[in-house]
Amino acid sequence: MRTVRHAILAVVIFALVLLAFFIVYALVRNRPQDLPWTRLDLGQPIGAFTGRKLAGLTDNFAECRALLQSAGVRYTILPPVRSGERCGYADALRFAPGGSQRIEFSPARLGVSCPIAAGLAMWEWNVLQPAAQKHFGARVERIEHLGSYSCRRMYGRSAGDWSEHATADAIDVAGFRLSDGTHVSVLGDWGKGDAKAAFLREVRTGGCKLFSTVLSPDYNAAHRDHLHLDQATRGEMGWRACR
């Protein structure tokens with residue numbers, strides 16, 4: 001019994017020391033985004049808890065809108081949609097021109113949940129543009145997508161879990177258009193082994209820091225032509241996937 005108590009005490013002490021180190025490390029580096037209790041700031045670089053905080057916006061539309069406004073992102077709020085017991089949204093918006101989020105979307109009239117919009121904005125600033133500059137010396141001007149809201153179960157099945165698309169908490173990205181005219185396609189370029197493939201893998205992996213689930217052609221054949229990004233509520237509980 002004494003051995004068990006000593007082991008528990010040792011674990012508690014180790015956890016407290018680790019927590020203290022984490023706090024000091026974040027404060028010394030002036031990176032509040034690395035602390036779990038600080039308020040999310042979309043304009044700051046990605047921190048250790050940024051993804052968790054983005055997922056936490058799922059139940060706080062007002063806070064999500066305030067964060068977008070603080071970061072200079074312009075948007076239009078979409079009317080709520082309700083379809084059956086499991087489909088619909090009350091926190092969707094569409095990016096508006098003139099703000100700090102400069103990428104266009106094709107098709108243009110994209111509506112996503114607010115947490116997805118916040119994740120997309122940070123993905124552009126921290127992942128997409130640096131990767132495009134690194135691999136092509138250009139910037140991403142357009143994201144080509146396969147949509148967000150779709151009232152369906154996962155993989156379009158007649159039974160089973162509902163897709164995050166059913167609440168606009170997901171987006172499927174099919175490709176990118178760059179400022180120098182370069183076109184990058186998930187379907188056409190993922191397996192080439194060139195700069196385009198390296199870019200796609202870099203933006204996929206970078207997205208894993210911001211979205212609860214990121215699935216690519218490496219996951220299965222159903223994702224051979226797109227990157228699936230979602231901000232599932234379950235992400236708050238520790239369930240995350242990056243493939």
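We use all heavy atoms of the structure for the numbers below, so side chains are in, but hydrogens, waters and symmetry mates are not.
- At least one side-chain heavy atom of Q129 sits under 4.5 Å from a side-chain heavy atom of V140.
- Judged by the 6.0 Å distance and 45° axis criteria, R201 is not positioned over the aromatic ring of F199.
- In this structure, R142 pairs ionically with E104, as a charged nitrogen and a carboxylate oxygen lie closer than 4.0 Å.
- By the 4.5 Å heavy-atom criterion applied to side chains, S163 and R152 are counted as neighbours.
- Around atom CZ of R109, no more than 12 heavy atoms belonging to other residues, nucleotides or ligands sit under 6.0 Å away.
- Side-chain atoms of P36 and R52, non-hydrogen and from C-beta on, never get closer than 4.5 Å to each other.
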Full working for side chain to side chain donor-acceptor pair (under 3.5 Å) between H228 and E164: CA-CA 10 Å; H228 169 91; E164 297 302 329; over 6 Å; no
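- For the pair N220 (side chain) and H223 (backbone), a donor-acceptor distance under 3.5 Å is present.
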Candidate pair R39 and E63, rule salt bridge (Lys or Arg N to Asp or Glu O under 4.0 Å), full reasoning: CA-CA 10 Å; R39 186 174 186 244; E63 173 69 359; 2.8 Å; yes
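- Under the 4.5 Å side-chain heavy-atom criterion for grouping Ile, Leu, Val, Met, Phe, Trp and Tyr, M154 is connected to L215 within one hydrophobic cluster.
- Between the NZ atom of K196 and the OG atom of S185 there is a distance of 8.5 Å, given to the nearest 0.5 Å.
- The backbone N or O of L178 sits nowhere less than 3.5 Å from a side-chain atom of T182 that would complete a donor-acceptor pair.
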Verdict with reasoning, L229 to W123, per side chain to side chain contact (heavy atoms under 4.5 Å, CB included): CA-CA 11 Å; L229 314 174; W123 194 42; 3.7 Å; yes
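- There is no path of hydrophobic side-chain contacts, each under 4.5 Å, that joins L78 to L68.
- Taking the centre and axis of the six-membered ring of W190, the NZ or CZ atom of R204 falls outside the cone set by 45° and 6.0 Å.
- Nearest heavy-atom pair across R31 and P45 is NH1-CB, 4.1 Å.
- For the pair K134 and E202, the salt-bridge criterion is met [side-chain N within less than 4.0 Å of a carboxylate O].
- No donor-acceptor pair under 3.5 Å is formed between the side chain of R139 and the backbone N or O of S179.
- A 6.0 Å sphere centred on CG of D161 holds no more than 12 heavy atoms belonging to other residues, nucleotides or ligands.
- Between the side chain of S100 and the main chain of G72, a donor-acceptor pair closer than 3.5 Å is present.
- The backbone N or O of Y89 lies less than 3.5 Å from no partner atom in the side chain of T167, so there is not a single donor-acceptor pair.
- Taken together through direct or relayed side-chain contacts under 4.5 Å among Ile, Leu, Val, Met, Phe, Trp and Tyr, V81 and F61 form parts of separate hydrophobic clusters.
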From CA spacing to verdict: side chain to side chain donor-acceptor pair (under 3.5 Å), K53, T38: CA-CA 9 Å; K53 294 175 184 179; T38 56; 2.8 Å; yes
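- Judged purely by atom type and a 3.5 angstrom limit, H183 has no side-chain atom pairing as donor or acceptor with the backbone of R177.
- Here I171 contributes atom CD1 and I143 contributes atom CD1; the two are 6.5 Å apart, rounded to the nearest 0.5 Å.
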Test side chain to side chain contact (heavy atoms under 4.5 Å, CB included) applied to L120 and F211, step by step: CA-CA 9 Å; L120 287 173; F211 297 94; 4.2 Å; yes
Side chain to side chain contact (heavy atoms under 4.5 Å, CB included) assessment of R94 paired with L110: CA-CA 6 Å; R94 180 175 295 129; L110 171 68; 5.6 Å; no
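- D41 approaches G43 most closely through the heavy-atom pair OD1-N, 2.9 Å.
- Checked by atom type and distance alone, the side chain of D34 pairs as donor or acceptor with a backbone atom of A48 at under 3.5 Å.
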Criterion side chain to side chain contact (heavy atoms under 4.5 Å, CB included) on Y75 and Q101, from CA distance to verdict: CA-CA 10 Å; Y75 58 85; Q101 208 279 340; over 6 Å; no
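- Of the possible polar contacts, one joining the Q231 side chain to the L210 backbone as a donor-acceptor pair under 3.5 Å is found.
- Note that CG of D91 is 10.5 Å distant from CG of N60, once rounded to the nearest 0.5 Å.
- Put simply, CG on L67 and CG on L57 are 6.0 Å apart, with the number rounded to the nearest 0.5 Å.
- Between atom NE2 of residue H145 and atom CG of residue L227 there is a gap of 13.5 Å, rounded to the nearest 0.5 Å.
- Aromatic ring pairs are classed by plane angle as parallel below 30°, tilted from 30° to 60° and perpendicular above 60°; the pair F95 and F105 is parallel.
- Residues L146 and H226 meet the side-chain proximity criterion, which asks for heavy atoms closer than 4.5 Å.
- Put simply, the side chain of S216 gets close to the backbone of D218: a donor and an acceptor are under 3.5 Å apart.
- Put simply, the side chain of L40 does not reach to within 4.5 Å of the side chain of F49, judged on heavy atoms.
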Stepwise side chain to side chain donor-acceptor pair (under 3.5 Å) check, S113 with D169: CA-CA 5 Å; S113 71; D169 284 307; 2.7 Å; yes
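- Between Y219 and V214, the closest side-chain pair of non-hydrogen atoms is not below 4.5 Å.
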Step-by-step side chain to side chain donor-acceptor pair (under 3.5 Å) determination, D230 to S212: CA-CA 6 Å; D230 79 43; S212 298; 4.8 Å; no
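- D189 approaches A197 most closely through the heavy-atom pair O-CB, 3.3 Å.
- Considering only heavy atoms from C-beta on, Y149 stays 4.5 Å or farther from V112 through its side chain.
- At a threshold of 4.5 Å between non-hydrogen side-chain atoms, the residues L54 and P115 do not count as touching.
- Rounding to the nearest 0.5 angstrom, the gap separating the CZ atom in R82 from the SG atom in C87 is 8.0 Å.
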